[in-house]
Enquirer: 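The structure follows.
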Amino acid sequence: MEDQLKKKAKITPRSLLFFTFYQVVFISFLYPWVLSPIFDNVRMLNWYPMDAQLLDVDMEIYESEDGTQKQVVASYEYSINGKTYWNNRVDIHSKPNDTELASYHTTMYRLLQKHIKQGSIFSGWYNPRDPYDSVLDKNIRWSEIIIPGLVCFVFIFIGFVVYLAYIFREQEKSPDVVRRTPWLAKSKWKPEGIQSETKKDIRGQLLGGTLAALLGVIFGYVGMMLILNRAYSGLFFIVIGMVGFYVMFKSVSSWLRFKSIGDVFVTITPFPGQIGGKVSGYIQFPPLLAIRDKSIRILLKQSKIVTKRTANSNNKREFVNWEAVTFGKLKVTKLGTRIYFSFNAPDDLPESNTDVYCGDGEYWFLNVSGEIPGDHFERRYELPVFKGSLSTKAKTTEKEQDRNFGRDRVQVMLAKR
């Protein structure tokens with residue numbers, strides 16, 4: 001099963017070019033909004049204080065369809081080692097603000113106006129290596145960094161995850177291989193054990209929860225800023241932010257419950273299952289997990305999955321053609337508790353879909369559920385079930401499967417260490 005955890009990346013020049021272009025677009029937004037002020041602030045850590053004499057102060061107002069924005073502007077001069085310098089940089093961000101969410105420019109304008117009317121000096125900062133380089137306020141305004149930074153990070157993160165999923169996707173086998181040995185069409189179909197589909201689903205939930213939490217931070221922050229500016233519509237944004245954190249909490253809880261139980265593999269013996277014959281095998285539970293007899297329900301079903309496409313969405317529907325239920329037979333081995341099952345598959349049912357991208361088609365699923373100590377267990381497995389007599393290579397004995405499972409389990413444990 002070690003090769004279930006390792007896949008060779010399939011990077012193509014076209015995909016790499018598209019991914020690079022996508023990331024460059026959002027990084028180009030990230031730099032002026034977030035990185036440039038932070039770099040400037042770090043660069044100014046060693047700047048020296050200076051006394052600026054204000055020459056002129058004004059407030060520039062920009063009207064647009066999106067609203068009104070303000071920016072304070074000022075010119076000033078200062079003396080360093082007997083030489084006079086001039087500059088007009090007020091703050092580290094040097095961009096206007098939306099008046100509904102920020103009052104920095106209004107507050108700074110009033111403060112500078114007060115100093116210029118009184119003829120008093122204003123404390124600023126200058127670069128000792130280049131005295132022409134100066135600023136009145138070198139502090140970072142995090143209110144202008146957090147939101148755009150998180151938005152850019154969300155899109156960069158999504159692009160990275162999507163590209164990883166693309167390059168590590170399973171590759172289709174050649175038609176000749178699929179025709180001769182259809183049970184080898186998918187890498188997850190292994191004689192020594194089949195991994196559950198639930199693990200993939202929970203990973204997707206965890207990714208969705210992470211994105212929900214990031215969006216929750218954005219909405220929550222906007223809500224707090226609106227409330228501080230006496231706009232009580234901010235409560236709506238705070239509620240949305242709390243929903244995002246709740247989604248994250250649920251996904252993390254599901255992942256922790258899954259990890260606490262560990263991997264539970266299904267082994268088909270003989271491999272693969274046969275239509276018109278037996279679909280039998282066992283469910284391999286971890287050694288330290290105590291399983292009671294008749295506590296695990298095993299359902300085998302043959303289903304057809306159809307995607308109904310509309311102008312706005314794609315909805316997948318599952319139609320069950322046949323199903324059977326058993327509680328199996330419990331057996332304790334040195335590798336852990338096993339529950340054996342056996343079903344007679346009718347000979348008029350279709351074979352398993354060999355499409356590695358899991359599109360529309362016929363599928364055989366094994367649903368395993370029941371109560372285990374301290375939790376409810378539920379997993380779903382896609383099984384290889386085909387018609388006709390099987391080649392001797394496909395008929396792996398249970399003894400051989402035990403050797404393979406034990407060897408691969410040790411390899412996986414060493415890899416995790």
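Note that these values count all heavy atoms, side chains included, but never hydrogens, waters or copies made by symmetry.
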Enquirer: For atom CZ of Phe155, is the number of surrounding heavy atoms from other residues, nucleotides or ligands below 6.0 Å larger than 12?
Expert: no
Enquirer: Restricting to side chain to side chain contact (heavy atoms under 4.5 Å, CB included), what partner residues turn up for Ser280, sequence neighbours left out?
Expert: Pro270, Lys278, Ser342
Enquirer: Val178: which residues meet the side chain to side chain contact (heavy atoms under 4.5 Å, CB included) condition with it, sequence neighbours left out?
Expert: Lys173, Ala185, Thr354
Enquirer: Considering only residues two or more places apart or on different chains, which pairs with a residue in residues 104-127 satisfy salt bridge (Lys or Arg N to Asp or Glu O under 4.0 Å)?
Expert: none
Enquirer: Output yes when a side-chain donor or acceptor of His115 lies under 3.5 Å from a complementary backbone atom of Ser120, and no otherwise.
Expert: no
Enquirer: Evaluate whether atom OH of Tyr163 has more than 12 neighbouring non-hydrogen atoms of other residues, nucleotides or ligands under 6.0 angstrom away.
Expert: yes
Enquirer: Per the salt bridge (Lys or Arg N to Asp or Glu O under 4.0 Å) rule, what does the pair list look like for residues 38-47, sequence neighbours excluded?
Expert: Asp40-Arg43, Asp40-Arg89, Arg43-Asp133
Enquirer: With a cut-off of 6.0 Å (strictly less than), are more than 12 heavy atoms of other residues, nucleotides or ligands near NZ of Lys304?
Expert: no
Enquirer: Please check this pair: side chain of Tyr363 against backbone of Glu318, looking for a donor-acceptor N/O pair closer than 3.5 Å.
Expert: no
Enquirer: Are the charged groups of Glu371 and Arg292 less than 4.0 angstrom apart, N to O?
Expert: no
Enquirer: With sequence neighbours excluded, what pairs up with Tyr132 under the ring-ring contact (aromatic ring centres under 6.0 Å, His included) test?
Expert: Tyr85
Enquirer: Of all residues at least two apart in sequence or in a different chain, which pass the ring-ring contact (aromatic ring centres under 6.0 Å, His included) check with Phe258?
Expert: none
Enquirer: If we ignore hydrogens and angles and just use 3.5 Å, is the side chain of His93 paired with the main-chain N or O of Glu144 as donor and acceptor?
Expert: no
Enquirer: Under the rule for side-chain hydrogen bond (donor to acceptor under 3.5 Å, both in side chains), what residues qualify as partners of Gln113, not counting sequence neighbours?
Expert: Tyr109
Enquirer: Looking only at heavy atoms, which two atoms of Thr20 and Leu16 are closest? And how far apart?
Expert: OG1-O, 2.7 Å
Enquirer: May I ask you to decide if Tyr31's main-chain N or O and Ser36's side chain share a donor-acceptor pair within less than 3.5 Å?
Expert: no
Enquirer: Does anything in residues 145-160 form a salt bridge (Lys or Arg N to Asp or Glu O under 4.0 Å)? List the pairs, not counting sequence neighbours.
Expert: none
Enquirer: What residues form a side-chain hydrogen bond (donor to acceptor under 3.5 Å, both in side chains) with Asp176, not counting sequence neighbours?
Expert: Arg179, Arg180
Enquirer: Could I get the full list of ring-ring contact (aromatic ring centres under 6.0 Å, His included) partners for Phe160, not counting sequence neighbours?
Expert: none
Enquirer: Can you confirm whether Phe18 is buried at CZ, in the sense that more than 12 heavy atoms of other residues, nucleotides or ligands lie under 6.0 Å from that atom?
Expert: no
Enquirer: Among all residues two or more places apart in sequence or in another chain, which pass the ring-ring contact (aromatic ring centres under 6.0 Å, His included) test with Trp86?
Expert: none
Enquirer: Going by the rule side chain to side chain contact (heavy atoms under 4.5 Å, CB included), which residues pair with Arg317 if we only count those two or more places apart in sequence or in a different chain?
Expert: Phe319
